[in-house]
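Structure first, then comments.
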Amino acid sequence: MKSEPNLFSITHLATDRTSYWSGVRNYQARNFMRDQMQVGELFFFYHSRIEPIGIAGIGEIVRTGYPDDTAWDPNDEHYDPKSSPDHPIWYRVDIRFVRKCPEIISLKRLKSIPALKGMQVVQKGMRLSIQPVTPAEWNHVMNLPEWRK
DNA sequence: GCCAACGTTGGC
DNA sequence: GCCAACGTTGGC
């Protein structure tokens, strides 16, 4: 799950302990939150746009998808007038902090690992903010030395 | 800050 | 329902 760390980072989550993943306004990303994510599942918290770009830590889903009420708040930057309490379009999940990576696993690093060449995040033009990770990819990333520094 | 790649919108 | 125009994302 990608976030720009100046807005919401793994450090923010580590401080708050629990939070929620709101503001997603892309249908594919929404569908993962609404239809796929289960309580107890882990995710990589990825910092986008701002160096160092890459995997910054791990979070856990603590509540499955439910309507994102920021969508019907006219003062919210992600306000969407097509969404309403009666007809919610956008969803979010609740999350908790699990672990911070001692050293960010950079995108460049991920791209350099042959076993991860099929991982969505390293594909050219891939800008979806929520992406599935296969068990094999997850295990491979977890075995990288960056976690033990 | 640039711009390629992508998603969405809206005229037809 | 097509697709050009536009807006956004995000790596560089």
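In what follows, chains carry the letters A, B, and so on, assigned in the order in which the sequence lines appear, proteins first and then strands, with residues in each chain numbered from 1. Everything numeric in this text was worked out from a predicted model, so none of it was measured.
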Original post:
Looking at DNA chain C, which of residues 70-89 of chain A put a heavy atom within less than 4.0 Å of it?
Top reply: none
Subject >> A/R127 (side chain) and C/dT8 (base): donor-acceptor pair under 3.5 Å >> reply: yes
Original post:
With distance as the sole test, does A/W147 use its side chain to make a donor-acceptor pair with the main-chain N or O of A/V141 at under 3.5 Å?
Top reply: yes
**OP:** Grab the two heavy atoms, one from A/L13 and one from A/T18, that are nearest each other, plus how far apart they are.
**Re:** CD1-C, 4.3 Å
Subject >> Short N-O contact, A/R25 and A/D68, less than 4.0 angstrom >> reply: yes
Original post:
Looking at A/K124, does any N or O in its side chain come under 4.0 Å of the phosphate oxygens OP1/OP2 on B/dA5?
Top reply: yes
**OP:** Identify, between A/R49 and A/L128, the residue whose nearest nucleotide on DNA chain B lies closer to the 5' end.
**Re:** A/R49
Original post:
Between A/K2 and C/dG10, does any side-chain N or O lie under 4.0 Å from OP1 or OP2?
Top reply: yes
Original post:
Any donor-acceptor pair under 3.5 Å linking the side chain of A/S3 with the backbone of A/P5?
Top reply: no
**OP:** With heavy atoms under 4.0 Å as the rule, sort A/E4 into base, sugar-phosphate or nothing.
**Re:** nothing
**OP:** Assign A/K108 to base, sugar-phosphate, or nothing according to its heavy-atom contacts below 4.0 angstrom with the strands shown.
**Re:** nothing
Subject >> A/F8 atom CZ, over 12 foreign heavy atoms within 6.0 Å >> reply: yes
